[in-house]
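Here's the structure we're looking at; comments come further down.
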Protein chains: 2
Amino acid sequence: MTSTRTAGDGSDDGVPPLHPEQLQTYFALLEAVSLLQHHVEQQLRTEGGISYVQFQLLANLARSETPLTMTQLADGVVYSRSGLTYQAGLLEKAGLITRSSSPGDERATLVALTDAGAALFRRILPGHIEVSRLLLFNPLSDDDVRHLGDIMTRVRDHMRALPPRSAAPRKRRPRSTPDTPAQAD
Amino acid sequence: MTSTRTAGDGSDDGVPPLHPEQLQTYFALLEAVSLLQHHVEQQLRTEGGISYVQFQLLANLARSETPLTMTQLADGVVYSRSGLTYQAGLLEKAGLITRSSSPGDERATLVALTDAGAALFRRILPGHIEVSRLLLFNPLSDDDVRHLGDIMTRVRDHMRALPPRSAAPRKRRPRSTPDTPAQAD
DNA sequence: TATTGTTATACTCTATAACTATA
DNA sequence: TATAGTTATAGAGTATAACAATA
């Protein structure tokens, strides 16, 4: 307690506090997204019997249309490889994806959508879109959407480009290939 | 609007598709927040040994300074009462909060921060703020922050006003639609 | 040796339903 | 009866570490 500042909000660490505007923005952002995620989860569970993580995996596969390796598939969705194996196991058991070993690199596993997986994705996408429109986009103007997209794209790219955490001990490597920049969408 | 067969993005349901700009916004938002949450969780766990949910509960109590009932405390943080009881149990066992029955209404439980809880909150808040600044605010201009705060406040209030969350009707059947994909109703 | 992925395991968290007790 | 909260329990999800196979 050597601060001579009149911080009053716990910042006694040489860390300048966030402005009230930033704090309000921060909490509004996290709470709004939390509510959004919760509703989206419910819609996906009810209509498709899958979780949001699983939906994201299906979406990644649907977007690519060529099989992806597990490592590629993990991108931005899952933070541990065993977690992805677990989810892929569920999706495979449900008949939504197939896993096969890559001819090029025998270590890799190629993941592809089955017809059922593609059909499920197409079936639940409209409801998914409707929920996000109802909850997220309805109260926003076109300009809001543009600005929000611009902001969050920058923030996301900023976070993706961040150096690995300095606090990370030597053996830490949870994310996929930190040196490899994100591939084109 | 009966099938036009030219949708190409799965919207064959009478649901107008989101504009590409909206889709991009939507995915950027969710991914950015997911990354942010992950980093924040790590900071809180490392520096304070608590989860983000627990941090939010402590923050709510710190902001109010008068004890809150469990119901008040749940606001926006937790989606089931048993979940809050679980988290409150953890926080109480850790000596960070106290629970006592309310003198005014014997059914209610009053939750208050202990000195240790308040101290922990003050101790980890700077690091929390630093992480959010580094990840979220650094790539943003003041105008971005203002606009983002305005947008997310509106979105949050919109969602809060929409469905009575805790009004889970009894007719709600278990949401597992085993392996048979749900049929659209 | 490094990389890709899987397995085994332990743990955290959430939600539903049944329960107690107060109003 | 309705409300506030707890308990019991079951299930989903995650992360770490040890492992096998390939590069």
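Source: prediction; values computed, not measured.
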What distance separates A:Arg99 CZ from A:Thr69 OG1, expressed to the nearest 0.5 Å? 13.0 Å
Can you find a side chain N or O atom of B:Arg81 that sits less than 4.0 Å from OP1 or OP2 on C:dC19? no
For the pair B:His158 (side chain) and A:Leu134 (backbone), establish whether a donor and an acceptor sit closer than 3.5 Å, ignoring hydrogens and angles. yes
Taking atom P of C:dT12 as reference, at what distance in whole Å does atom CZ of B:Phe55 sit? 21 Å
Between C:dT14 and A:Arg45, is there an OP1 or OP2 to side-chain N/O distance shorter than 4.0 Å? no
Whole-Å gap separating P (D:dA4) and CG (B:Leu73): 14 Å
Heavy-atom closest pair, residues B:Ser34 and A:Tyr79: OG-OH, 3.0 Å
Less than 3.5 Å between a donor and an acceptor, one on the side chain of B:Ser82 and one on the base of C:dA15, is that the case here? yes
Counting only side-chain nitrogens and oxygens, does A:Ser51 get under 4.0 Å of the OP1 or OP2 atom of D:dG13? yes
Tell me the interatomic distance from A:Glu41, atom CD, to D:dG13, atom C1', rounded to whole angstroms. 11 Å
Would you kindly give the CG-to-C1' distance between A:Leu91 and C:dT6, to the nearest whole Å? 16 Å
Output the rounded distance in Å from CG (A:Asp75) to P (C:dT4). 14 Å
Cation over ring, A:Arg63 on B:Phe27, under 6.0 Å and within 45°? yes
Between B:Tyr79 (OH) and C:dT16 (C1'), how many Å, whole number? 18 Å
Closest listed nucleotide, where the reference is the side chain of B:Thr71 and the choices are D:dT6, D:dA4, C:dC13: D:dA4
Is A:Ile124 close to A:Ile50 at the side-chain level, that is, under 4.5 Å between some pair of heavy atoms? yes
How is A:Leu84 classified with respect to the nucleic acid when contacts are heavy atoms under 4.0 Å: base, sugar-phosphate, or nothing? nothing
Would you tell me if any nitrogen or oxygen in the side chain of B:Arg99 comes within less than 4.0 Å of OP1 or OP2 on D:dT6? yes
Could you tell me the separation between the CD1 atom of A:Ile50 and the P atom of D:dA12, rounded to a whole number of Å? 15 Å
With heavy atoms under 4.0 Å as the rule, sort B:Ser80 into base, sugar-phosphate or nothing. base
Where the side chain of B:Ser132 meets the backbone of B:Ile129, is there a donor-acceptor pair that is under 3.5 Å apart? yes
Taking only the side-chain nitrogens and oxygens of B:Gln72, find out if one of them lies under 4.0 Å from OP1 or OP2 of D:dA4. no
Could you tell me the separation between the CG atom of B:Leu57 and the P atom of C:dT12, rounded to a whole number of Å? 17 Å
Contact list (N/O, under 3.5 angstrom) for nucleotides 20-22 of chain D vs protein:
none

Aromatic centroids of B:His19 and B:Tyr26 separated by under 6.0 Å: no
